[in-house]
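Presented below is the structure to which this report refers.
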Amino acid sequence: MRRAVCPGSFDPVTHGHLDIVGRAAQLFDEVVVAVGVNSSKKRLFTPEERMAMLERACRPWDNVRVDSFGGLLTDFCRDHDVQAIVKGLRAVSDFDYELQMAQMNASLTDVETVFVPTSPEWSFLASSLVKEVASFGGDVSGLVPDFVHEALSARLGERDGQTGPGP
Ligand code: PNS
């Protein structure tokens, strides 16, 4: 059984992430999409919300499951018998940091990192940009699944309600 992990923050999942997950699902027997939980980072969605959105978005693939991890990714790989880390590369600008992480992870364990080039239609896509554009009222409906778009609009609406202009 060849098992891979697609790790990320997924705050929230985008079509760019799903492009990589779907292609990893064709390359490996099983793919674990693992939500990195880092309580020191401020996120729009809780880990449970991010996992629930991923579970729904990954339903089309029977060999994909969703999990979460807190510590080192290499520890997660060891504990879940994962042989490969799959990362999407959108552009050369991703490469420096991803190479550094792949080499650090290789120094900690024998897990292999496999880079998959992002499909050109999603090469500009990042969760952080989706959130920024949506927060200013831009249309991001084509960049995330419909139910993610609804959750994003609702969460940003709640947030604006809390931090909106005072009296
Ligand atoms: O979606 P992101 O924010 O690019 O995901 C980054 C993530 C979660 C994959 C990365 O930060 C990670 O692997 N964190 C786990 C902690 C760890 O193993 N750090 C050492 C990496 S060399």
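Atoms within each ligand, like the ligands themselves, are counted from 1 in listed order.
Relative to the ring axis of F147, R56 places its NZ or CZ within 45° and under 6.0 Å from the centre.
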In sequence, state the C-alpha distance, the side-chain angles, and the governing distance for I85 and V114, and then conclude on side-chain contact (heavy atoms from CB on, under 4.5 Å). CA-CA 6 Å; I85 299 167; V114 175; over 6 Å; no

Take D11 and S127 through the test side-chain hydrogen bond (donor to acceptor under 3.5 Å, both in side chains) and record every step on the way to the result. CA-CA 6 Å; D11 188 42; S127 297; over 6 Å; no

Checking R43 against S9 for the side-chain hydrogen bond (donor to acceptor under 3.5 Å, both in side chains) test, could you report, in this order, the C-alpha distance in whole Å, the side-chain angles of both residues, the deciding distance, and whether it holds? CA-CA 9 Å; R43 304 289 184 200; S9 308; 3.2 Å; yes

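Residue nearest to atom 20 (C) of ligand 1, selected from L72, D11, T74, D75: L72 (by heavy-atom distance).
Between H17 and F10, the angle of the ring planes goes over 60°, which puts this pair in the perpendicular group of the 30/60° scheme.
Residue, atom and distance of the protein heavy atom nearest to atom 9 (C) of ligand 1 are P7 CB, 3.8 Å. Here the heavy atom of the protein found nearest to atom 16 (C) of ligand 1 is G71 O, 3.5 Å. For atom 11 (O) of ligand 1, the nearest protein heavy atom (residue, atom name, distance) is M101 SD, 4.7 Å. With respect to atom 7 (C) of ligand 1, the closest heavy atom belonging to the protein is G8 CA, 4.6 Å. With respect to atom 1 (O) of ligand 1, the closest heavy atom belonging to the protein is S9 N, 2.9 Å. Protein heavy atom closest to atom 12 (C) of ligand 1, with residue, atom name and distance, is F69 CZ, 4.4 Å.
Distances from atom 4 (O) of ligand 1 to the protein include no heavy-atom value under 4.0 Å.
By the 3.5 Å distance cut-off applied to N or O atoms, M104 is not counted among the residues near ligand 1.
Remark: E55 does not engage R65 in a salt bridge, criterion side-chain N to carboxylate O under 4.0 Å.
A pairwise comparison of heavy atoms in S135 and L156 identifies N-CD1, 3.7 Å as the closest pair.
Near L73, meaning under 4.0 Å from any of its heavy atoms, are these atoms of ligand 1: 13 (O), 17 (C), 18 (O).
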